[in-house]
Q: 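Could you have a look at this structure, given as C-alpha cells, before my questions?
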Amino acid sequence: MDLSPTLAWLVDAASDCPGADRLLAELGAHLVADGVPLAAGSLTLEVPHPLIAKRTWLWRADRGQVIEALGFVPGGLAPDPPNDAGRRWLRDIAHGEVHEDIVGRLDGPQLGWIGPRPFTADEIEQLRQAARFAATPLAVLAARATLRATLDAYLGKRSAERVLAAPLRRDLGETIQAALLYADLRNFTSLSETAPPAQVIAALDAWFDRIAGAVHAFGGEVLKFIGDGVLAIFPVLEASPRRACDAALRAASAAEAGMAYLNAERRAQGLPPLAFGAALHLGEMLWGNIGAANRLDFTAIGPAVNLASRLEGLCKPLGRTVLVSGALAAETDMPLIALGSHSLRGIAAPCEVFALPDPQARVS
C-alpha cells in the first residue's frame, strides 16, 4: 500500500506520542512537509474527568507551539466553553475557512485546520485522509488518558503513578516517611439517620471539598475516604521532614478556615454546622498494594497510621479541632500549644500532644 509520509507516520509511530498535544503538533508538521499549507490546527477531545469535560489544543505552524484550553463540566470550576473553541482560535490566527473533520465515530475527536489561503480540493482530501488514519492512534491515546484519569481520580496522582509503574501484585510496596493527616466528621451517624439522603451526601461532599482541597493546595495527597473520614499524606521528599510537616499544619489550618466559611453558609440556610476533628503525625508507613490475591487496594498501613487515627479520637475529649503529635511538633517552628502526654488506645507508649493556636490568635 502506497502511503504518504504523513499516513505512514500515523500508522507506524503516532500511537507512541506521549499525549494528544504532541500528536497534533507532529501531525501538523508532517502535513506541512507533505505540502499542505497550514497556519494552525486544533484538536478537541472529550475526557473522563470529575471536573473537565473537554480538552482543546491549538498548534501554530509558525512557532510549533501548542497551547491548551479546558472545558469544565456543568457545576465545575468554570462555565463550560462553547464546543467551537478550536474553530474560534483558528479564525483568530488566519482569516479564512476552517476545515474540520470528526475522527472515528460521530461524537469522536475533532480535528480542525486553517491555512494562509483556502485549501484546494486535493489538500482537503489529504486532511480527510489524515483524520481517517488518526482514528487508531487517537483511540490508543484516549484509552491511556482514560486509565490515567481514572486512577488519578480514585487513587490520587502519586499513588496512580506508583500503580502504573509496578506490576499488579500484592507483595509490592515501599516504606516511606510522611506527615499524616487523619480527619473525621463528628456526629455524622446522627446526621445520616435524621437528614434526607440527598442532604447527607451534600454535606459529605462539602466536607470532603474543604479537607481534600486544603490537602491538595499544600502538596499533600488524599489516600482514602473512609466513610466520613479522610487519610492524607505529605511525603517527605528531602533530607529534613520540616517542609512536609509545615505543609500538613498549613493544610489543617486551611481546612479549619474552610469549614468555618461552610458552617456560616449552612447556618444561613437553617442547617446545622459540621464539626470535625483532625490529627497530624510524622512517621513511616508501608505504601503499596494489599488485599486478596485478585482484589487489591493501594494504601498506607503501619503504626504511624494507627497513631494518627487514635490521636484524632482525642479531639473531642480535649475540646480541640486539630491535634498534633510530638513527633511532628518536633520538626516545625510553627507555634503550637502543648497539651501534655496522653495515652492512646492500642498504642503502647504515651504520646506528647499539641494543638494549633486559636484561629483568632493565628490571624493576629
Side-chain angles (χ1 to χ4, degrees), residues 6-7 9-31 40-60 64-90 100-113 127 130-168 212-213 215-216 219 221-223 225 289 296-298:
T6 296
L7 300 186
W9 173 79
L10 285 168
V11 171
D12 296 331
S15 296
D16 295 329
C17 287
D21 55 340
R22 292 313 311 156
L23 185 143
L24 173 64
E26 294 193 33
L27 175 57
H30 275 84
L31 285 167
S42 67
L43 172 62
T44 298
L45 294 174
E46 292 188 1
V47 294
H49 192 278
L51 296 175
I52 302 168
K54 297 185 180 204
R55 300 177 71 180
T56 297
W57 293 271
L58 175 72
W59 165 77
R60 297 192 59 141
Q65 175 188 17
V66 179
I67 59 175
E68 180 182 1
L70 302 178
F72 294 96
V73 298
L77 298 177
D80 188 17
N83 290 337
D84 65 348
R87 185 182 308 129
R88 289 184 290 108
W89 277 0
L90 295 177
E100 292 179 313
D101 290 297
I102 301 297
V103 179
R105 60 184 190 276
L106 293 178
D107 59 345
Q110 190 171 34
L111 268 172
W113 307 100
L127 296 176
R132 287 181 58 196
F133 278 74
T136 296
L138 278 175
V140 172
L141 293 179
R144 195 183 303 158
T146 297
L147 175 61
R148 181 54 189 265
T150 301
L151 289 175
D152 281 357
Y154 282 95
L155 297 179
K157 184 176 177 60
R158 288 189 185 94
S159 297
E161 289 175 352
R162 183 70 176 80
V163 168
L164 287 171
L168 292 176
V215 167
H216 293 148
E221 179 170 305
V222 171
L223 279 185
F225 294 117
N289 294 329
L296 301 177
D297 187 19
F298 193 89

Q: Where do S159 and L223 come nearest, in terms of heavy atoms and distance?
A: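 Taking S159 first and L223 second, the nearest heavy atoms are OG-CD2, 3.4 Å.
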Q: When the ring planes of W113 and W59 are compared, do they come out parallel, tilted or perpendicular, using 30° and 60° as the limits?
A: perpendicular
Q: With rounding to the nearest 0.5 angstrom, report the CG to CD distance, L151 to E161.
A: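 Atom-to-atom, L151:CG and E161:CD are 11.0 Å apart.
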Q: Heavy atoms only: give me the nearest D16-D12 pair and the separation to one decimal.
A: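 So the two residues come closest at OD2-O, 4.5 Å.
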Q: Is any side-chain heavy atom of V11 closer than 4.5 Å to one of L7?
A: no
Q: For L138 and L43, run side chain to side chain contact (heavy atoms under 4.5 Å, CB included): C-alpha distance rounded to whole Å, both residues' side-chain angles, the deciding distance at 0.1 Å, then the answer.
A: CA-CA 10 Å; L138 278 175; L43 172 62; 4.0 Å; yes
Q: State, yes or no, whether a side-chain contact exists between R144 and R148 at a heavy-atom distance under 4.5 Å.
A: no
Q: Please report the closest heavy-atom contact between S42 and L90, naming both atoms and the distance.
A: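 Nearest heavy atoms, S42 then L90: OG-CD1, 3.7 Å.
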Q: With a 4.5 Å heavy-atom cut-off, do L141 and L45 have their side chains touching?
A: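 Not in contact.
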Q: Measure the spacing between CH2 of W9 and CG of L23 and express it to the nearest 0.5 Å.
A: 4.5 Å
Q: Between CG of L111 and CG of L127, what distance do you get to the nearest 0.5 Å?
A: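 Result: 9.0 Å between the selected atoms.
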Q: Specify the closest pair of heavy atoms between A212 and V222, including all atoms of both residues, with the distance to one decimal.
A: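 Between these two residues, the closest heavy atoms are CB-CG2, 3.8 Å.
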Q: Grab the two heavy atoms, one from P137 and one from S15, that are nearest each other, plus how far apart they are.
A: CA-OG, 3.4 Å
Q: Could you measure the distance from the CG atom of L58 to the CG atom of L24? Nearest 0.5 Å is fine.
A: 8.0 Å
Q: Distance from T44 atom OG1 to R55 atom CZ, nearest 0.5 Å?
A: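 T44 atom OG1 to R55 atom CZ measures 11.5 Å (nearest 0.5 Å).
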Q: What closest approach, in Å, do A130 and L10 show between heavy atoms, and which atom pair accounts for it?
A: O-CD1, 3.4 Å
Q: Please determine whether the number of non-hydrogen atoms from other residues, nucleotides or ligands lying under 6.0 Å from atom OH of Y154 exceeds 12.
A: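 Atom OH in Y154 is not crowded, with 12 or fewer foreign heavy atoms closer than 6.0 Å.
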